[in-house]
S.K.: 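Before we start, here is the structure in question, set down as structure tokens.
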Amino acid sequence: MTEALSRRRFLQAAMLGIGGVAAAAVGTPIVAYLLSPFFRSPSDVWRDVGAIDSIQVGETTEISFEDPSPLAWAGQTAQASAWLRRTSDSEFVAFAVNCQHLGCPVSWLSDASLFMCPCHGGVYYADGTVAAGPPPRALRQYEVRTRAGRVELLTHGLELAPS
Ligand code: FES
């Protein structure tokens with residue numbers, strides 16, 4: 001009776017041990033993969049957002065680009081956007097779409113030459129400065145450059161961990 005009992009306990013302990021090793025072997029890489037973005041410091045990335053001639057002088061248009069620090073499972077949310085304005089033959093300005101009040105996406109009204117925020121009535125001029133409403137400061141701007149006939153934006157990754 002005690003021999004059968006100790007054999008049973010041995011088999012239970014062996015099965016628990018094997019199960020634990022198998023779970024660790026499978027789970028460790030998965031957990032490491034899921035947590036890795038939090039320990040990687042994102043770098044700034046220049047993103048190609050289109051040809052110079054795709055936008056006329058004085059025109060403002062919405063552009064999209066991939067966030068430089070997307071999580072592996074981000075899917076469509078890895079896409080970010082900005083408002084690109086051509087101010088001269090060779091100069092561009094890019095504004096973040098997020099209102100500086102509480103972050104709602106602003107819209108460009110070309111007829112009025114204003115950015116409008118639908119959440120609390122924030123209004124910005126075409127140069128991104130505040131025209132009316134609660135926003136405390138101008139729209140955030142991206143650094144823009146032109147290279148080989150293309151427009152590029154300097155995008156910044158999200159700070160997920162202290163660096
Ligand atoms: Fe834009 Fe409040 S979030 S005005």
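We count residues from 1, following the sequence as given. Just so you know, ligand 1 is whichever comes first in the structure, and atom 1 is the first atom listed for that ligand.
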S.K.: Suppose we only count N/O/S atoms under 2.8 Å; would Cys99 qualify as near atom 1 (Fe) of ligand 1?
M.R.: yes

S.K.: Using side-chain contact (heavy atoms from CB on, under 4.5 Å), reason through Phe92 and Ile52 one step at a time and then give a plain yes or no.
M.R.: CA-CA 9 Å; Phe92 291 82; Ile52 289 176; 3.9 Å; yes

S.K.: What atoms of ligand 1 come closer than 4.0 angstrom to any heavy atom of Gly122?
M.R.: 4 (S)

S.K.: What atoms of ligand 1 come closer than 4.0 angstrom to any heavy atom of Pro134?
M.R.: 4 (S)

S.K.: With heavy-atom distances below 4.0 Å as the criterion, list the atoms of ligand 1 near Cys104.
M.R.: 3 (S)

S.K.: When you measure from atom 1 (Fe) of ligand 1 to the N, O or S atoms of His101, does any of those distances fall below 2.8 Å?
M.R.: no

S.K.: Looking at atom 3 (S) of ligand 1, what's its closest protein heavy atom, distance included?
M.R.: Leu102 N, 3.3 Å

S.K.: Can you find a pair of side-chain heavy atoms, one from Ile63 and one from Ile55, that are under 4.5 Å apart?
M.R.: no

S.K.: Using 2.8 Å as the threshold, say whether any N, O or S atom from His120 sits that close to atom 2 (Fe) of ligand 1.
M.R.: yes

S.K.: Is any side-chain heavy atom of Trp83 less than 4.5 Å from a side-chain heavy atom of Leu139?
M.R.: no

S.K.: Could you label the plane-to-plane angle of the Trp108 and Phe115 rings as parallel, tilted or perpendicular, counting under 30° as parallel and over 60° as perpendicular?
M.R.: tilted

S.K.: Taking NZ, NE, NH1 and NH2 as the nitrogens, is one of them in Glu59 or Arg86 under 4.0 Å from a carboxylate oxygen of the other?
M.R.: no

S.K.: Check whether the SG atoms of Cys104 and Cys99 are less than 2.5 Å apart, and answer yes or no.
M.R.: no

S.K.: List every atom of ligand 1 that sits less than 4.0 Å from any heavy atom of Cys117, numbering the atoms from 1 in the order shown and giving each element.
M.R.: 1 (Fe), 3 (S), 4 (S)

